[in-house]
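Everything on this sheet refers to the single structure shown next.
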Protein chains: 2
Amino acid sequence: MHDVAAAAGVSQATVSLVLNSASGSRFSEDTRKRVRDAVDRLGYRTNAHAKVLREGVAGMIGFIGDSVATTPFAGAIIEGAQQRAWEDGLLLLSVNTGGDRQLEAASLDTMLSYKVAGVVYAAMYHRRLEVPEALAGVRSVVLNSQDRAGRVPSVAPDEVKGGYAATSRLLEAGHTRVGMVNIETLESGLPAAVGRYEGYCAALEEAGLDVDLSLVRFGKGGEEDGYKYAMELLTSGNPPTAIFCANDRGAWGAYQAVSDLRLSIPGDVSIVGFDNQATLAPFLRPGLTTFELPFVAMGRRAVELILQDAEPDGRVELMDCPLIERNSVTHPKEMP
Amino acid sequence: MHDVAAAAGVSQATVSLVLNSASGSRFSEDTRKRVRDAVDRLGYRTNAHAKVLREGVAGMIGFIGDSVATTPFAGAIIEGAQQRAWEDGLLLLSVNTGGDRQLEAASLDTMLSYKVAGVVYAAMYHRRLEVPEALAGVRSVVLNSQDRAGRVPSVAPDEVKGGYAATSRLLEAGHTRVGMVNIETLESGLPAAVGRYEGYCAALEEAGLDVDLSLVRFGKGGEEDGYKYAMELLTSGNPPTAIFCANDRGAWGAYQAVSDLRLSIPGDVSIVGFDNQATLAPFLRPGLTTFELPFVAMGRRAVELILQDAEPDGRVELMDCPLIERNSVTHPKEMP
DNA sequence: CATCAGAAGTTATACGAATAACCAATGAGT
DNA sequence: ACTCATTGGTTATTCGTATAACTTCTGATG
């Protein structure tokens, strides 16, 4: 900057003021032009660290993921966060800890020493977790999970509403016997499993239907269980005409079961999935009607909470899971 | 740091020296202890910006991806880069540009103003690309692609060797009629398509076999083409006993074709894929034998090149694609 | 004519750490 | 007694920017 000042024949302060005062017309047009020319000629670029040193806070937001980058869905989460940050000219300083608490603490420490404007603490899957202590020292948001202690604001998908919407989609198509293959037991406490089931029940009740436990199965989220439990449901005495699979992998298993039974989707049985897994859901035949975890929107929202002025509270913000309509749902077959 | 110095009853310089001189025993044990106690008591954390300001280079590496985070495979690339960076105590300052050259330039500019130690320029898929001019100003590496101008060093998968290894795997199992369903035409110039085909030819020739063009098809990389061309090959007069599908999605299509023909894998036809797509290859039945793009290793290597002392040249470093053995390959059936 | 307002800059300082250069005290060697 | 090395520190300066506070000049005004 001193070089620029010398080249333009002014003082360093003048350069700084010309460059930063948005429109404060304190200088003559001539001087401003000389400064800008010198900047261009010398290829001057401001030193961000000197700026931060003076101003106390950096144009960076820390992003700590327990392994977000490697899980196929959730890359979108970091993408959303980054997009939103960049809209305010900020960059993401990111780390995947792989769940290593020590790495987590160390990298958080480094981030803080870089005076990040805030920290997004993102989890690979929706759960209740303990945040590292050092987070208390900065503005922070828990993403795709919830702070168990309830101190840090959180952003997570609305599983209940998602389960409700998925089930409603089938009920509205006219189904009255709607099965569910869940991804975990309720005792697991997994918000996705508990919430989607709760939504399933709520939708049935609202439609005046009882929850028939013979139509509900609890697997482990893999396609093997999807296959196994869909098979059980469809070969039972009084099979469902539609199945809500609480994740797409389970739905894939269900597809295979339906195929092995020489039935067809959606003619004989309608299927709704959950997750909109990019490498799976669009490629099944027929395309899987499913619900999307709003990763991009969640990432954006988390950064937004960091950026906003209002003092944060420990509130959990739940975000809608949009329906992705494809071709695995239709009306139930008329009974013979 | 002044506060710490005051609390410990020493000068700021002493604190700095005690904290940084690894073992330089210039101070009494007593003083050092007082300093460390004060640091703990006050929860002092060094200001990274002040340090960078003095030293000229930051403990950060820029990572620019054209949309790495959202593509399901390549999250691993950023993971590898970050891992390696952290081993040297560096963090990644990352941006996904979504291919927007303007955003790319702007974010690169910001990164440079943060005095990053280097920049990794990562592409979503392997190709030849033009790097932004500003990259010339820093140490940089092109990742998962190659600098067309040949100035910036590049790290990319060894497609030829991959295609060679895939084909060899089938030849070694005893197959002599090995088909290939490619992901693109050769005219596309796509290194993955061109290289894997070249490797396929090389392996055949080395085994003393001619390349039989009636066994080769060029699709668009989707499962529809995988289905269509596998079907063509298998229903031809003299079908192959094994097919090398140049990507896993194509292999999935081939699986469906085989299934529709009431044949079995690997009994009637062996299949080898490419990509080891995490949400697909392990879940096919039988599990797909395939090759992995070494994303983590590539990410690591790119950062390593940035970190190393030697002056870089524009060399392209090709990395091996490891075989992921599952159950889709066996000996050919004896002819009746 | 004295005064005052505004325009157009400049000077000086602070941010936090690293380090070269300096200083004071002690004890050993001659 | 004098020199000199060693130990254990301190002082002063630098990195690059932002900005509060000051200066100087030019017209305009009462």
Side-chain angles (χ1 to χ4, degrees), chain A residues 1-39 42-60 89 109-117 137-138, chain B residues 1-39 42-60 89 109-117 137-138:
Chain A
M1 200 168 212
H2 283 96
D3 298 349
V4 172
V10 297
S11 72
Q12 173 265 327
T14 300
V15 176
S16 176
L17 289 169
V18 166
L19 258 32
N20 294 318
S21 317
S23 62
S25 49
R26 295 247 3 235
F27 297 92
S28 69
E29 196 44 57
D30 174 60
T31 302
R32 306 164 76 100
K33 182 162 166 22
R34 287 212 320 281
V35 168
R36 279 193 295 262
D37 286 353
V39 164
L42 300 182
Y44 165 79
R45 185 164 14 233
T46 194
N47 181 315
H49 299 285
K51 191 174 210 155
V52 176
L53 187 55
R54 259 224 60 152
E55 306 196 325
V57 57
M60 302 189 293
D109 203 69
T110 305
M111 284 176 179
L112 295 181
S113 79
Y114 273 110
K115 302 282 173 193
V116 292
V138 262
Chain B
M1 198 167 214
H2 283 97
D3 298 348
V4 172
V10 298
S11 72
Q12 174 263 326
T14 299
V15 175
S16 175
L17 289 168
V18 166
L19 257 33
N20 295 315
S21 318
S23 61
S25 49
R26 296 244 7 231
F27 297 92
S28 69
E29 195 44 57
D30 174 59
T31 302
R32 306 165 76 99
K33 183 163 167 20
R34 285 213 320 280
V35 168
R36 278 194 295 263
D37 286 353
V39 165
L42 300 182
Y44 165 79
R45 184 163 17 231
T46 192
N47 180 317
H49 299 283
K51 193 174 209 154
V52 175
L53 187 55
R54 260 224 60 156
E55 305 195 328
V57 56
M60 303 189 292
D109 203 70
T110 305
M111 284 177 179
L112 294 181
S113 78
Y114 273 111
K115 302 283 173 191
V116 291
V138 261

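Summarising the geometry, the separation between CD on A:Q12 and P on C:dA8 is reported as 20 Å, rounded to the nearest angstrom. Counting to the nearest Å, the P atom of C:dA8 and the NZ atom of A:K33 are 17 Å from each other. Rounded to whole angstrom, the span from the CG atom of B:L53 across to the C1' atom of D:dG16 amounts to 5 Å. The CG-P distance, from A:L17 to C:dA12, rounds to 16 Å in whole Å. In this structure, OH of A:Y44 is placed 7 Å from C1' of D:dG16, rounded to the nearest angstrom. Look at CG on B:L19: it is 11 Å from C1' on C:dA17, rounded to the nearest Å. One atom, NZ of B:K115, and another, P of D:dT17, lie 8 Å apart when rounded to the nearest Å. In this entry the distance linking CG of B:D30 with P of D:dT7 reads 17 Å, nearest Å.
When each of C:dG16, D:dT19, C:dT11 is scored by its nearest atom to the side-chain atoms of A:S11, the top-ranked nucleotide is C:dT11. Closest to the A:A13 side chain, of the nucleotides C:dT19, C:dT10, D:dT17, is C:dT10. You'll find that the side chain of A:F27 is closest to C:dG9, out of D:dG16, C:dT19, C:dG9.
Between B:T31 and D:dG9 there is a side-chain N or O to OP1 or OP2 distance below 4.0 Å. OP1 or OP2 of D:dG9 sits under 4.0 Å from a side-chain N or O of B:S28. Note on A:N47: every side-chain N or O is 4.0 Å or more away from OP1 and OP2 of D:dT17. A close approach under 4.0 Å does occur between a side-chain nitrogen or oxygen of B:T46 and OP1 or OP2 of C:dA17. Contact between the side-chain N/O atoms of A:Y114 and the OP1/OP2 oxygens of C:dG16 is not found at any separation under 4.0 Å. Between A:K51 and D:dG16 there is no side-chain N or O to OP1 or OP2 distance below 4.0 Å.
Side-chain atoms of A:T14 and A:S11 include a donor-acceptor pair closer than 3.5 Å. In the model, B:S113 has no side-chain atom that pairs as donor or acceptor with a side-chain atom of B:T110 under 3.5 Å.
In this pair, B:H49 and B:Y114 present their aromatic rings tilted. The plane angle is within the 30 to 60° band.
Scanning atom types as modelled, no donor and acceptor separated by under 3.5 angstrom connect the side chain of A:E55 and the base of C:dA14.
Nearest heavy atom pair, residue B:V57 against residue B:A117, reads CG2-CA, 3.9 Å.
Of the two residues contacting DNA chain C, namely A:V10 and B:T14, the nearest-nucleotide position lying further toward the 5' end is that of A:V10.
Base contact: A:H2 has a heavy atom under 4.0 Å from a base atom.
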